[in-house]
Number of protein chains: 2
Amino acid sequence: MPRGKIPIKRIEDPTTRHVTFCKRRGGLLKKACELSVLCDAEIALLIITPRGRIYEYASNNMKSTIDKYKKQTTSVRSNTYSREEMDDQFMQFYQQEVKKLRKQIYTSQISNEHLQGEGLDSLGMKELKQLETRVEKAISRIRSKKVTANFSSHLQL
Amino acid sequence: MPRGKIPIKRIEDPTTRHVTFCKRRGGLLKKACELSVLCDAEIALLIITPRGRIYEYASNNMKSTIDKYKKQTTSVRSNTYSREEMDDQFMQFYQQEVKKLRKQIYTSQISNEHLQGEGLDSLGMKELKQLETRVEKAISRIRSKKVTANFSSHLQL
DNA sequence: AGCGCTATTTATAATCG
DNA sequence: TCGATTATAAATAGCGC
């Protein structure tokens with residue numbers, strides 16, 4: 001979008017990620033609302049952050065919309081699938097979920113290593129420069145926090 | 001929007017309403033997906049037409065996201081999954097495993113943030129000093145790698 | 001430290017074929 | 001009735017305060 005487009009993948013910088021989250025969350029909620037009004041649709045939208053904060057929009061009533069959804073999806077399914085098939089589905093979901101989480105852990109750990117100056121061989125000059133900038137920012141933040149912490153502890157004496 | 005803006009109220013003409021519904025539905029689903037990827041958020045989106053047709057997007061799993069929502073909203077709830085499958089040992093293992101992995105991700109991400117000078121409020125002076133040392137080491141490693149990379153690229157010319 | 005700005009990208013209402 | 005095209009509105013990434 002503005003000032004250059006961004007690739008659609010996880011934003012690693014926490015500050016940027018949070019700012020983008022706030023903005024896009026607002027945009028998404030607004031568009032959900034507009035669609036429901038314009039086209040007379042029933043909409044339920046749940047947004048849950050990794051830390052568990054929940055944002056929601058429901059054009060009618062969250063519970064009734066969810067119930068309506070469940071009714072349609074389970075009425076077809078639940079009686080036609082056997083117990084074994086259900087287990088298979090759970091098994092598949094479980095495997096996918098675990099795979100996804102492990103991948104996420106891997107990515108996060110790589111990023112961690114880079115931030116500690118390890119495993120840099122795979123990085124090009126451009127990436128090294130970006131990394132340097134991030135780490136420089138980090139150190140200035142840490143130092144200014146040290147000053148604050150020190151100041152607070154003096155106040156306590 | 002284009003060619004003149006429209007007021008946000010029910011579109012009376014059925015054809016126009018349907019066309020707008022299709023387009024905006026697509027846009028909304030896309031934006032929901034982008035937000036979940038960019039900002040690592042768990043999203044569930046239900047769109048139900050007056051005729052009962054359902055469109056949905058779930059970044060993780062519709063059921064588990066809805067359950068997560070219900071868990072936080074309603075005060076007490078003993079189990080997350082329907083009782084038929086509940087007594088399964090497997091489910092318990094699954095839930096434990098996923099919980100463990102999520103915790104690991106959380107820890108790794110916190111560490112990541114600290115290395116980037118974010119979320120430092122919870123740290124004491126001693127921890128800040130340790131962190132500072134780690135980041136100083138990181139930056140000197142990154143800088144020396146930059147030199148190496150630069151040297152290599154010159155050799156190639 | 002969330003708001004405003006603004007240059008761009010994206011979404012989309014109207015139109016066209 | 002449509003998909004494709006356009007002209008325009010809306011959303012938003014990067015900044016600045």
Side-chain angles (χ1 to χ4, degrees), chain A residues 1-41 43 45 47 49-51 53 55 57 59 126-127 129-149 151-152, chain B residues 1-41 43 45 47 49 51 53 55-57 59 110 112-114 116-123 128:
Chain A
M1 300 80 173
R3 315 297 183 111
K5 65 189 288 188
I6 56 161
I8 301 301
K9 57 172 205 165
R10 190 187 137 92
I11 298 170
E12 290 304 329
D13 179 59
T15 307
T16 307
R17 188 170 64 245
H18 182 247
V19 170
T20 295
F21 176 71
C22 292
K23 287 182 176 181
R24 279 178 173 256
R25 184 189 69 212
L28 187 64
L29 290 167
K30 185 181 174 196
K31 288 222 167 262
C33 175
E34 288 184 355
L35 178 59
S36 83
V37 172
L38 287 170
C39 304
D40 208 19
I43 294 182
L45 173 60
I47 304 170
T49 68
R51 301 212 171 160
R53 189 185 295 278
Y55 301 88
Y57 169 76
S59 62
K126 190 180 160 195
E127 287 157 314
K129 281 183 180 164
Q130 283 178 346
L131 187 59
E132 186 183 16
T133 309
R134 279 163 80 190
V135 176
E136 278 166 349
K137 256 188 216 164
I139 210 159
S140 76
R141 283 184 188 134
I142 292 164
R143 285 181 179 148
S144 87
K145 179 60 71 179
K146 271 175 66 188
V147 175
T148 316
F151 181 63
S152 304
Chain B
M1 302 77 174
R3 317 296 185 108
K5 66 189 288 188
I6 57 162
I8 302 300
K9 57 171 206 168
R10 190 188 138 94
I11 297 169
E12 291 305 331
D13 176 57
T15 307
T16 308
R17 187 169 67 245
H18 182 247
V19 170
T20 296
F21 176 70
C22 292
K23 288 182 178 181
R24 280 178 172 257
R25 184 189 69 213
L28 187 64
L29 291 167
K30 185 180 173 193
K31 288 221 168 263
C33 175
E34 289 184 355
L35 179 59
S36 82
V37 173
L38 288 170
C39 305
D40 208 18
I43 294 183
L45 172 60
I47 304 170
T49 68
R51 293 194 180 169
R53 189 184 294 277
Y55 301 88
E56 62 180 292
Y57 169 75
S59 63
I110 292 292
N112 238 299
E113 288 182 15
H114 288 171
Q116 291 179 81
E118 304 279 354
L120 302 178
D121 288 338
S122 58
L123 302 184
L128 284 172

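Each chain gets a letter, A, B and so on, in the order its sequence line appears, and its residues count up from 1. Remember, it's a predicted structure, so these values are computed and weren't measured experimentally.
Taking the charged nitrogens against the carboxylate oxygens, A/R51 and B/E113 do have a contact shorter than 4.0 Å, which makes a salt bridge. For A/R10 and A/E12, the salt-bridge test passes: some basic side-chain N is under 4.0 Å from an acidic carboxylate O.
Rounded to an integer number of Å, the gap from B/I8 CD1 to D/dA10 P is 8 Å. Separating the CZ atom of A/R134 from the P atom of D/dG14 is a distance of 13 Å, rounded to the nearest angstrom. Remark: P of C/dT9 and CZ of A/R24 are 14 Å apart, rounded to the nearest angstrom. In this structure, B/E118 atom CD and C/dA1 atom C1' are separated by 12 Å, rounded to whole Å. Distance B/L28 CG to C/dT12 P: 8 Å, rounded to the nearest Å. Here C/dA11 presents its P atom at 15 Å from CG of A/L35, a figure rounded to the nearest Å. Put simply, CD on B/E12 is 17 Å from C1' on C/dA13, counting in whole angstrom units. Atom-to-atom, CZ of A/R25 to P of D/dA13 comes out at 14 Å; the value is rounded to the nearest Å.
Note on A/K31: a side-chain N or O is less than 4.0 Å away from OP1 or OP2 of C/dT12. Close to C/dT12, at under 4.0 Å from its OP1 or OP2, lies no side-chain N or O of B/T20.
The distance from atom OG1 of A/T49 to atom CD1 of B/I43, rounded to the nearest 0.5 Å, is 11.0 Å. Once rounded to the nearest 0.5 Å, the distance linking CD of B/E56 with CG of B/L29 reads 9.5 Å. In this structure, NZ in B/K31 is found 7.0 Å from NZ in A/K31, a value given to the nearest 0.5 Å.
In terms of position on DNA chain D, the residue among B/H18 and B/I6 whose nearest nucleotide sits closer to the 5' end is B/H18. Residue order along DNA chain C, read from the 5' end via each residue's closest nucleotide, puts B/E34 first among B/T16 and B/E34.
Note on A/K23: a base of the nucleic acid sits closer than 4.0 angstrom, heavy atoms only.
Closest approach to the A/R3 side chain among D/dG14, C/dT12, D/dA7 is made by D/dG14 (side chain taken as heavy atoms from C-beta onward).
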